[in-house]
Protein chains: 2
Amino acid sequence: MSEVINFKKKFTKFSELWTPKILGQFDNYHLKAAKMKGEFVWHSHDDADELFIVVAGVLKICLRDKEIILHSGECFIVPKGVEHKTVAEKEAHVLFIEKAGTLNTGDQIGSSKTVSQEEWI
Amino acid sequence: MSEVINFKKKFTKFSELWTPKILGQFDNYHLKAAKMKGEFVWHSHDDADELFIVVAGVLKICLRDKEIILHSGECFIVPKGVEHKTVAEKEAHVLFIEKAGTLNTGDQIGSSKTVSQEEWI
């Protein structure tokens, strides 16, 4: 049986940037948490839409034709196949939901930011 | 292309209780919002796990063998097939995520709380 997931407490459990942690699973989807600061890499996910929810800080999601700015209490869905890059000037705490097994760097498999084995916390 | 979803703003767009509104879709899943006050009906969803996130107020999720208390910034996943009933003493604002087409009252199809056509806002 699952447990109560407190987002603030979960974000105290790790400090690494750009390293998705798995908080929970429903059906074949993972709820993940990541601390973001600086720039990620441009990438896309061929077969997975990705829902981003900001819980602290400000997150910019760059798309090729526009930029999305997300504050705490806001979310955005990046459709499958759409190239995107997340950017945060100051550290942002971000939840995201996507199909289990979705690689954080999508089609950029060999990136320095690729995390092939995501940890549950 | 999807848009920024601001949770607080979305909750100003409706007042009905126990009436799920659809905020967004990723893959075949819906992000929904509902205002809850009072008691819902006991029910279960045979083929859908359900992720609840509280954004304002306090939500109790009764299971047959325990009660889960969720405050703002907390979430809980009710596994498929598990009977549950949501209860809120004061109005709570709740996000939830589940497979598109999941009926709010699950196996209690003819309940007075059943909403067969959920509205996008």
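Every chain is numbered from 1, with letters handed out A, B, ... down the list of sequences.
- In this structure, no portion of B:Leu23 lies under 4.5 Å from any heavy atom of chain A.
- Counting heavy-atom pairs closer than 4.5 Å to chain A, the top-ranked of the candidates B:Lys8, B:Glu74, B:Lys10 is B:Glu74.
- For A:Leu31, the part sitting under 4.5 Å from any heavy atom of chain B is the side chain, from C-beta outward, and nothing else.
- Across all non-hydrogen atoms, the minimal contact from B:Ile77 to A:Phe26 is CG2-CB, 3.9 Å.
- At a 4.5 Å heavy-atom cutoff, the contact between B:Ile53 and chain A is made by side-chain atoms alone.
- Closest heavy-atom contact between B:Asp27 and A:Asp47: OD1-O, 4.4 Å.
- The list of salt bridge (Lys or Arg N to Asp or Glu O under 4.0 Å) pairs with a residue in residues 110-121 of chain A, not counting sequence neighbours, reads A:Lys21-A:Glu119, A:Lys32-A:Glu118.
- For B:Gln25, the part lying near chain A is the backbone, with the side chain staying farther off; criterion is any non-hydrogen pair under 4.5 Å.
- Nearest heavy-atom pair across B:Ile69 and A:Val4 is O-CG2, 4.1 Å.
- In this structure, chain B has no heavy atom under 4.5 Å from any part of A:Lys9.
- Of the atoms belonging to B:Tyr29, it is side-chain heavy atoms, and not backbone ones, that fall under 4.5 Å from chain A.
- Of the atoms belonging to A:Val55, not a single heavy atom falls under 4.5 Å from chain B.
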